[in-house]
Peer 1: 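The following block contains the structure, expressed as structure tokens.
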Amino acid sequence: MITVPVDLGVAELVPDPRSANAWALFIDGVAQSYVDLDDPLYLEFAYARRVAGVIDAVRSPGVPIDVLHLGGGALSLPRYVAATRPGSRQLVVERDSALYEFVLQRLPMPADVDVTVLIFLGRPAMASAASEAYDLIISDVFEAARMPSDVATAEFAELVVPALRPDGLYVVNVTDMPSLAFTRRLAATLRTAFAQVCVLADPGMLRGRRFGNCLVVASRQVDGVPTRALVRSRPRDSGAVGLLRGEALDEFIAGAAPLRDDTVASSRTGVHTVRRLVGDGSGAASGDVDVEPLD
């Protein structure tokens, strides 16, 4: 194990004994990324495989795309994009410069990959993005296990929309408790800016039975999210993927107030508490919600 202080905590790279050249990245004890340098297509975490499904579906197979990654971690998703869509242009916005230097030193990117890393905050980076510059924007921004509130509001979503091409996709990784309180509010928030919003997660999580990761996927176009492709099981998945959209999503977010800049300060403690609780598994389950048939 390799441990170093970085700008936002302590980073640990832990070798995977199952593979000669694979590492898991932890920040302050919270798992952030997993990279197999010999196989960039191998994605250890289920949420990363679901994001890979979005990457695969946003354009025809092998077609280069322009991607903005908000949050870099160990750059596992940029490596996946580069391997599956050669020639893609990628910008990674990472706020922790010491972490970035550590990752590139220990887990170097291939020399022929077109990935630029910008050490900057996500909000001002999004505000300065060119119009219709990206096919895909991936938000995977955390402070340890917490999603910063300034990249979760309706005002932030309004910055994302014009930076996407008309048929582009926006995907947000969310970690939540069984009540899914934050996921509900985030989905309601994105509904204020996007024509279509869907939630993807393990069916048990969508029924309020455990904590874990959800993906919220949004499109500028009605029916712009390729839902059929996104619910397909991928290699190494333990089961199929649950999907909420349309009326099922209406029921899921009923009563959830969108997050806004002028109110998020008062709700920040609650949002951050959700993040902290993930590690101890506490929290009561909510009632069932409808989950679409699984492929």
Side-chain angles (χ1 to χ4, degrees), residues 16 18-25 31-94 100 103-104 107-118 132-141 160 163-173 198 200-201 213-219 224-241 243 295:
D16 185 344
R18 302 170 299 173
S19 178
N21 213 9
W23 300 79
L25 173 68
Q32 299 286 336
S33 297
Y34 179 98
V35 170
D36 187 335
L37 293 176
D38 296 329
D39 184 5
L41 302 186
Y42 181 86
L43 299 171
E44 174 75 7
F45 300 147
Y47 93 86
R49 295 194 293 273
R50 291 181 189 133
V51 176
V54 180
I55 294 168
D56 292 347
V58 71
R59 293 286 181 267
S60 299
V63 173
I65 58 176
D66 294 325
V67 188
L68 173 61
H69 303 264
L70 300 175
L75 305 176
S76 55
L77 291 173
R79 297 172 203 267
Y80 181 88
V81 171
T84 58
R85 297 183 175 278
S88 294
R89 296 181 299 180
Q90 303 185 71
L91 174 64
V92 178
V93 177
E94 172 58 58
Y100 166 64
V103 165
L104 283 194
L107 305 173
M109 294 286 286
D112 59 346
V113 170
D114 186 359
V115 176
T116 300
V117 177
L118 174 66
E132 298 186 358
Y134 298 104
D135 301 292
L136 179 62
I137 298 175
I138 301 170
S139 178
D140 194 12
V141 184
V160 175
L164 277 174
R165 290 177 180 139
D167 57 351
L169 296 174
Y170 178 48
V171 56
V172 186
N173 176 38
C198 301
L200 296 169
N213 292 75
C214 294
L215 291 188
V216 186
V217 185
S219 171
V225 178
T227 54
R228 183 169 295 276
L230 298 188
V231 297
R232 295 192 187 112
S233 294
R234 300 178 64 84
R236 300 184 50 256
D237 281 349
S238 59
V241 181
L243 170 72
D295 292 345

Peer 1: With sequence neighbours left out, write down each residue that passes side-chain contact (heavy atoms from CB on, under 4.5 Å) with Ala133, or none if nothing qualifies.
Peer 2: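 With neighbours one apart ignored, the set is Ala130.
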Peer 1: Return all side-chain donor-acceptor pairs below 3.5 angstrom for residues 72-79, not counting sequence neighbours, or 'none' if the list is empty.
Peer 2:
{"residue": "Arg79", "atom": "NE", "partner": "Ala74", "partner atom": "O", "Å": "3.2"}
{"residue": "Arg79", "atom": "NE", "partner": "Leu75", "partner atom": "O", "Å": "3.3"}
{"residue": "Arg79", "atom": "NH1", "partner": "Leu107", "partner atom": "O", "Å": "3.4"}
{"residue": "Arg79", "atom": "NH1", "partner": "Pro108", "partner atom": "O", "Å": "3.2"}
{"residue": "Arg79", "atom": "NH2", "partner": "Ala74", "partner atom": "O", "Å": "3.1"}
{"residue": "Arg79", "atom": "NH2", "partner": "Leu107", "partner atom": "O", "Å": "2.7"}

Peer 1: Apply side-chain hydrogen bond (donor to acceptor under 3.5 Å, both in side chains) to Asp39 and list each qualifying residue two or more places apart in sequence or on a separate chain.
Peer 2: none
Peer 1: Tell me if a side-chain donor or acceptor on Arg49 pairs with a main-chain N or O of Glu44 at a distance below 3.5 Å.
Peer 2: yes
Peer 1: What is the distance from atom CZ of Arg232 to atom OG1 of Thr227, rounded to the nearest 0.5 Å?
Peer 2: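 So the gap between those two atoms works out to 10.0 Å.
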Peer 1: Using salt bridge (Lys or Arg N to Asp or Glu O under 4.0 Å) as the criterion, list what pairs up with Arg165, not counting sequence neighbours.
Peer 2: Asp66, Asp135
Peer 1: My understanding is that only residues two or more places apart in sequence, or in another chain, count here; which of them pass side-chain hydrogen bond (donor to acceptor under 3.5 Å, both in side chains) with Thr84?
Peer 2: none
Peer 1: Going by the rule ring pair (Phe, Tyr, Trp, His ring centres under 6.0 Å), which residues pair with Tyr134 if we only count those two or more places apart in sequence or in a different chain?
Peer 2: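 By the ring pair (Phe, Tyr, Trp, His ring centres under 6.0 Å) rule, Tyr134 matches no residue at all.
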Peer 1: Which residue pairs satisfy the salt bridge (Lys or Arg N to Asp or Glu O under 4.0 Å) criterion with at least one member in residues 69-78, sequence neighbours excluded?
Peer 2: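 Sorted pair list comes back empty.
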Peer 1: Residues in side-chain contact (heavy atoms from CB on, under 4.5 Å) with Pro61, at least two apart?
Peer 2: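 Residues passing side-chain contact (heavy atoms from CB on, under 4.5 Å) with Pro61: none at all.
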Peer 1: Applying side-chain contact (heavy atoms from CB on, under 4.5 Å) to Leu164 and Leu169, what does each step give before you reach the verdict?
Peer 2: CA-CA 7 Å; Leu164 277 174; Leu169 296 174; 5.8 Å; no
Peer 1: Looking at OG1 of Thr116 and CG of Leu91, how far apart are the two atoms once the value is rounded to the nearest 0.5 Å?
Peer 2: 6.5 Å
Peer 1: Side chains of Tyr80 and Leu43, heavy atoms from C-beta outward: is any pair under 4.5 Å?
Peer 2: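 A side-chain contact under 4.5 Å exists here.
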Peer 1: To the nearest 0.5 Å, how far apart are OG in Ser88 and CG in Asp114?
Peer 2: 8.5 Å
Peer 1: Under the salt bridge (Lys or Arg N to Asp or Glu O under 4.0 Å) test, which residues partner Asp167, sequence neighbours left out?
Peer 2: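 By the salt bridge (Lys or Arg N to Asp or Glu O under 4.0 Å) rule, Asp167 matches Arg59.
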Peer 1: Hey, could you give me the CG/CG distance between Leu68 and Leu136, rounded to the nearest 0.5 Å?
Peer 2: 9.0 Å
Peer 1: Please enumerate all residues that pass side-chain contact (heavy atoms from CB on, under 4.5 Å) together with Pro86, with sequence neighbours excluded.
Peer 2: none
Peer 1: Just wondering, do Gln90 and Arg85 contact through their side chains at under 4.5 Å, heavy atoms?
Peer 2: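 Side-chain contact under 4.5 Å: no.
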Peer 1: For Leu200 and Val217, what are the C-alpha separation, side-chain angles and deciding distance, and is it a side-chain contact (heavy atoms from CB on, under 4.5 Å)?
Peer 2: CA-CA 8 Å; Leu200 296 169; Val217 185; 4.1 Å; yes
Peer 1: Which residue pairs satisfy the ring pair (Phe, Tyr, Trp, His ring centres under 6.0 Å) criterion with at least one member in residues 31-79, sequence neighbours excluded?
Peer 2: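 Pairs touching residues 31-79 that pass the test: Tyr34-Tyr42.
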Peer 1: Under 3.5 Å, is there a donor-acceptor pair between the Asp36 and Asn21 side chains?
Peer 2: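 Short answer, no.
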Peer 1: For Asp112, check side-chain hydrogen bond (donor to acceptor under 3.5 Å, both in side chains) against everything at least two apart and list the hits.
Peer 2: none
Peer 1: Among Ile137, Ile138, Val92, Val58, find the residue that satisfies the side-chain contact (heavy atoms from CB on, under 4.5 Å) test when tested with Val67.
Peer 2: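 It is Ile138; the other options fail the test.
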Peer 1: With a 4.5 Å heavy-atom cut-off, do Leu230 and Leu243 have their side chains touching?
Peer 2: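 With C-beta onward as the side chain, the pair stays apart.
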